[in-house]
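The figures here come from the full heavy-atom set of this structure, side chains too, leaving out hydrogens, waters and symmetry mates. Just follow the structure's listing: the first ligand is 1, and inside any ligand the first atom is 1.
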Amino acid sequence: MSNFKVRKAVIPAAGLGTRFLPATKAIPKEMIPVLDVPMIQHIVEEAVRSGVEDVILVTARHKEAIENHFDFNFELEETLDQKNKKDLAEISRSIGRLCNVISVRQKNPLGLGHAVLCAAPIVGNEPFAVLLGDDLIDAEVPCTQQLIDIYSQEGASVVGMMEVPLNEVSKYGIVAGTAVRPRLLEVSHLVEKPSPDSAPSCYAIPGRYVLSPRIFECLRRTQPGKNGEIQLTDGLQILAQCERLLAYQFEGTRYDTGDRLGLIDATLAFALKRPELATGVRELLRKHLRGG
Ligand code: UTP
């Protein structure tokens, strides 16, 4: 499988987004913006910058807004053209041109592993990337590209990994294994959301994967685990017993935009990088910290 091109990416976005209620009562969590760009657009752009051609969105009822966002909006774009707002019309059209978007329904939110399995008929028998719809990674070389590079060098499935404090291990899938070289582990053991006293390490897998299609067979054998859901982490544990599975400590900053503080963190970081916003945001922060 060495040098096999990764052309497809699966983006699971069928969850209920309960941590953002009431905002997510009628709007998909993944459409909540980080500044003026919906979080899922950041994710799709990462996949496209990593060479992905087909994006497979795993969605659910009431999530049509995500599909519409990656389509053209003739009414809006024509109206903007007529008003001579060509640059705004181009912003809208450029999202429609980003990539092929194929969507598949997860009829019940049975877990992340189950969501990935829903994409099996479209992925077929080739390696593919998985990017979680609410995990944002800001990196010079896109995180998915970093994992694709490892996949083609090593000829093995690879998950993105980052070190977290011991008191945070219960928020993540955690991996352990033997070092291949700096930043790279051969995975022997994975566990979903362990307690700090049972965690095998402090290496978390936040939401980027490049996987061989054998994962589908493993997910079909995966029993419901943590929270009664079919967990991708448990499917990966089965995969690690069948073939080599690696974990790569990617370069970049990760934001959990599925969490309110994580979203604020990402919004501030992105705003401070925008020349037209940075000064204003600094002033606002100073004002709020002064309490006035
Ligand atoms: P999360 O657990 O963060 O998402 O899953 P959630 O369930 O939507 O959010 P909360 O906890 O209720 O607030 C990570 C990603 O996996 C997708 C979610 O849409 C999210 O992007 N997911 C999760 C599915 O597609 N299907 C599922 O059954 C579960």
Side-chain angles (χ1 to χ4, degrees), residues 9-34 37-47 55-67 69-70 101-123 128-137 143-144 159-160 162 164 168-174 190 192-193 204-209 211 215-216 219-220 222-236 254-266:
V10 175
I11 303 186
L16 295 175
T18 53
R19 282 171 290 167
F20 273 115
L21 278 168
T24 46
K25 187 177 173 196
I27 292 169
K29 170 177 74 175
E30 295 77 9
M31 288 301 294
I32 293 176
V34 175
V37 175
M39 58 176 91
I40 195 154
Q41 185 182 327
H42 288 285
I43 311 287
V44 169
E45 285 174 347
E46 178 189 323
V55 164
I56 302 156
L57 291 175
V58 184
T59 68
R61 284 181 295 283
H62 313 305
K63 293 235 169 179
E64 294 84 358
I66 302 179
E67 290 152 26
H69 186 72
F70 293 101
V101 172
I102 302 157
S103 61
V104 57
R105 287 268 173 119
Q106 185 190 25
K107 294 181 188 170
N108 284 307
L110 298 180
L112 179 58
H114 179 261
V116 172
L117 191 52
C118 291
I122 302 163
V123 172
F128 64 104
V130 178
L131 296 85
L132 295 199
D134 59 356
D135 249 318
L136 222 147
I137 298 172
C143 181
T144 298
V159 301
M162 64 180 198
V164 297
E168 287 188 17
V169 290
S170 57
K171 288 170 37 183
Y172 299 94
I174 299 291
L190 297 101
E192 183 63 22
K193 300 187 173 70
I205 49 170
R208 291 297 185 275
Y209 315 78
L211 301 173
I215 187 67
F216 295 126
L219 286 170
R220 284 186 197 102
T222 303
Q223 297 301 313
K226 206 89 186 185
N227 304 328
E229 295 184 351
I230 297 175
Q231 299 287 352
L232 181 56
T233 307
D234 296 340
L236 290 168
R254 178 259 183 184
Y255 301 95
D256 177 7
T257 50
D259 170 82
R260 286 171 297 180
L261 261 185
L263 181 67
I264 294 169
D265 189 11

Which of the atoms in ligand 1, numbered in the order shown and given with their element, are less than 4.0 Å from a heavy-atom of T18?
10 (P), 12 (O), 13 (O)

Tell me: protein heavy atom nearest atom 21 (O) of ligand 1, and distance?
P12 O, 3.1 Å

For residues I215 and L236, determine if any side-chain heavy atom of one lies less than 4.5 Å from a side-chain heavy atom of the other.
yes

Among all protein heavy atoms, pick the one closest to atom 9 (O) of ligand 1 and tell me residue, atom and distance.
K29 NZ, 3.2 Å

Quick one, L112 and E229 - any side-chain contact, counting heavy atoms below 4.5 Å?
no

So which bit of L110 gets within less than 4.0 Å of ligand 1, heavy atoms only: side chain, backbone, both or neither?
backbone

Any N or O of Q106 closer than 3.5 Å to N or O of ligand 1
yes

Output yes when the distance from some N or O of ligand 1 to some N or O of L16 is under 3.5 Å, and no in every other case.
yes

What protein heavy atom sits nearest atom 8 (O) of ligand 1, and how far off is it?
G17 N, 2.8 Å

Indicate yes or no: does an N/O atom of G111 lie under 3.5 Å from an N/O atom of ligand 1?
yes

Can you find a heavy atom in the side chain of V58 that is under 4.5 Å from one in the side chain of K63?
no

Can you confirm whether R105 sits close enough to R61 that some side-chain heavy atom of one is under 4.5 Å from a side-chain heavy atom of the other?
yes

Which ligand 1 atoms, with their elements, are less than 4.0 angstrom from a heavy-atom of P109?
28 (O)

To the nearest 0.1 Å, how far is atom 5 (O) of ligand 1 from its closest protein heavy atom, and which atom is that?
D134 OD2, 4.5 Å

Tell me if a side-chain donor or acceptor on K29 pairs with a main-chain N or O of D134 at a distance below 3.5 Å.
no

Are any of the side-chain heavy atoms of V169 and V164 separated by less than 4.5 Å?
yes

Might you check, step by step, whether the distance between atom 16 (O) of ligand 1 and some protein heavy atom is under 4.0 Å?
yes

Does a sphere of radius 6.0 Å around CD1 in I27 hold more than 12 heavy atoms from other residues, nucleotides or ligands, not counting ones at 6.0 Å or beyond?
no

Under 4.0 Å to a heavy atom of G133 - the qualifying atoms of ligand 1, by number:
21 (O)

Protein residue, atom and distance nearest to atom 23 (C) of ligand 1, heavy-atom basis
G15 CA, 4.1 Å

Any N or O on G258 sitting closer than 3.5 Å to an N or O of ligand 1?
no

What protein heavy atom lies closest to atom 25 (O) of ligand 1? Include the residue and the distance to one decimal.
A14 N, 2.8 Å

Under 3.5 Å, is there a donor-acceptor pair between the side chain of Q106 and the main chain of C118?
no

Is there any N or O on R19 that sits under 3.5 Å from an N or O of ligand 1?
yes

Within the structure, is a non-hydrogen atom of E229 found at a distance of less than 4.0 Å from ligand 1?
no

Atoms of ligand 1 under 4.0 Å from any heavy atom of A115, numbered from 1 in the order shown, are 24 (C), 25 (O), 26 (N)

